[in-house]
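Scroll down for the structure; my scribbles are underneath it.
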Amino acid sequence: MESDGNQIIALRREKAARYREEGADPFANDFKPDATTAKIRDLYGEKDAEALAEVETEYALAGRILALRSFGNMAFLDLADRTGKLQIVASKKVLGPEAHKDVVKKWDIGDIVGVVGTPTRTKTGELSIMAKSAHFLTKSFRPLPEKWHGLTDMDTRYRQRYVDLIVNPEVKDVFLTRSKVVAAIRRYFVGHDYTEVETPMMHPLAGGATAKPFETYHNALDMPLFLRVAPELYLKRLLVGGLERVFEINRNFRNEGISIQHNPEFTMLEFYQAYAVHTDLMDLTEELMRELVREVHGDDLTLPYAQETIDFSKPFPRLTMEEAVLAANDDLSEGDTRNRDKLAAICKRIGQEVKADWGWGKLLTVVFEETVEKSLRQPTFVHGFPVEVSPLARRNDKDPEIADRWEFFIVGREHANAFSELNDPDDQRERFEAQMKAKAGGDEEAQPFDADYIRALEYGMPPAAGCGIGIDRVVMLLTNQPSIRDVILFPHLRPESGRGE
RNA sequence: GGGGCGUUAGCUCAGUUGGCAGAGCACCGGACUUUUAAUCCGUAGGUCCCGGGUUCGAAUCCCGGACGCCCUACCA
């Protein structure tokens, strides 16, 4: 590592060695805090200096030193724990000359320490703890980033998230919110009589979504395995097994590009409900989204996102893909939305590839993605997806070329995908065969033929609807973060170079 | 994949026409009993991303490479 020759690190190691020489442990674990900085603020935040002077209760706090302002016989340090920061006063008079000298001479910004003391208010009015005893716990060898500019390099922030979390408190808030959101989702589904399940992450066949998988290998079984691209086919096997309402929150892996809204592993919520149709899940998703906004932002159902304000208070509009495409393309008139030639002409005009074996359904979807998707800023459901691009979805009873499927858009991005499930094993077999043909034609993302899934359907899967929601994107939205990397603790990055060994 | 920008002290960044490698903070020494970017005085700290080339002389110019960011294309 780059520590060699670093003077600061060497000096801090020396300080640790000095502790050892004196019989103390620079990595002690003999201190139990009995309070948090938040508790002190809650209890005494409103009390004035006179009232605090009366308080004799001593509190034990532990945390990391984020700042140290030292005077001759007095020092102030900012102590950070999981709940926030609080100032500690280290006075020679109160602490005694030896302990005070330790604080001033041996303690560094970044060290983890414990103090026991009483609440007080300093002359400048800041609530603090007047330390009566000081306990050194953990030496920090590496200096924290500079105090004023802090750590701003995005690459370092992602690679060394631990440092990012120490010095950028709003980062911790994002991940605390993420945790709350996921907990709220669990609460919501459990409250609606769903069962949480965990299905395989390693699949012999990577099905359930049109995506390129990661491949790995099982040595003992001598077989290739794929990291899952979606849990869908396993969750629907559970519907066959009689688990009528299931959900899973877990990682999917797709061997595709990395961008501001794509990480190779991302967290997906999928849920399936027997005897529901796709429109039932629109209602459910609308309610769930409002619940999550409320969880994070309270009862005001609007959300700031970048320069926009997203309004969740009104019913989310629902329009068909054909309506949306018609409205966005003046050169298309009613009745043209299934005209392959007209759609192909638009594709060519907007510079999109048109393959010979693509039907109107695929072309309509391309035109939708290119001309409509980005404009869907407010919460919007788009339904009426072509069967051609929906290999696992149920056909509409009246319009067999359309699947009972919808996607949910906000800020021009897809956030959810849902459909009434195809449970006719013969229809499903034919759809898989069409996918096989596409695969043979060079489509790397076409789904594999899953014979066991067909067998499961042949036992009879209850009519059902299912939905997938990208949790990372939802968290981006709820925490107003521009990049998926800002809501994933350790986003995928290239390995650091020049670190060979 | 295509285009643009960047990489200099632990951190954030300057660096003029090619002429001794710089600042602030952090660190170290000193002063200071109410600071909160503490202040003041002093010291120390460098593979200028890497490898070639041009030149008397390269952080600076040229070529190649690595890494990162932004835009763009594909996927959730």
(message) Closer than 4.0 angstrom, basic N to acidic O: yes or no for A:K15 and A:D108?
(response) yes
(message) Check this for me: does the side-chain of A:Q87 come within 3.5 Å of the base of B:rU35 through a donor and an acceptor?
(response) yes
Base, sugar-phosphate alone, or nothing: which one does [X] contact when heavy atoms must sit under 4.0 Å apart?
| X | value |
| --- | --- |
| A:E265 | nothing |
| A:R485 | sugar-phosphate |
| A:E373 | nothing |
| A:D108 | sugar-phosphate |
| A:E414 | sugar-phosphate |
| A:K105 | sugar-phosphate |

(message) Quick check: A:Y234 with A:Y453 (ring centres under 6.0 Å apart)?
(response) no
Of the nucleotides [options], which has the atom closest to the [X] side chain?
| X | options | answer |
| --- | --- | --- |
| A:I8 | B:rC27, B:rC75, B:rU35 | B:rC27 |
| A:E369 | B:rC27, B:rC74, B:rC75 | B:rC75 |
| A:L11 | B:rC75, B:rC28, B:rA26 | B:rC28 |
| A:P143 | B:rG10, B:rC69, B:rC28 | B:rG10 |

(message) Using a 3.5 Å limit for the pairing distances, which stems of at least 3 consecutive Watson-Crick or G-U wobble pairs does RNA chain B take part in?
(response) B:1-7 with B:66-72, B:10-13 with B:22-25, B:28-31 with B:39-42, B:49-53 with B:61-65
Counting only pairs under 3.5 Å, give me each side-chain donor-acceptor contact of residues 358-370 of chain A, with atom names and distances, residues two or more places apart or in other chains.
unit_1	atom_1	unit_2	atom_2	d
A:W360	NE1	A:E401	OE2	3.1
A:T365	OG1	A:G361	O	2.7

(request) List the steps, then state whether ring-ring contact (aromatic ring centres under 6.0 Å, His included) holds for A:F189 with A:F271. (result) CA-CA 9 Å; A:F189 282 101; A:F271 56 96; 4.6 Å; yes
(request) Mind running a 4.0 Å heavy-atom check of residues 69-77 of chain A against RNA chain B and sending the residues that fall below it, in number order? (result) A:R69, A:S70, A:F71, A:G72, A:N73, A:M74, A:F76
(request) Look at the aromatic rings of A:F136 and A:W107 and report parallel, tilted or perpendicular, splitting at 30° and 60°. (result) tilted
(message) When the C1' atoms of B:rA31 and B:rU7 are compared, how many Å lie between them, rounded to an integer?
(response) 40 Å
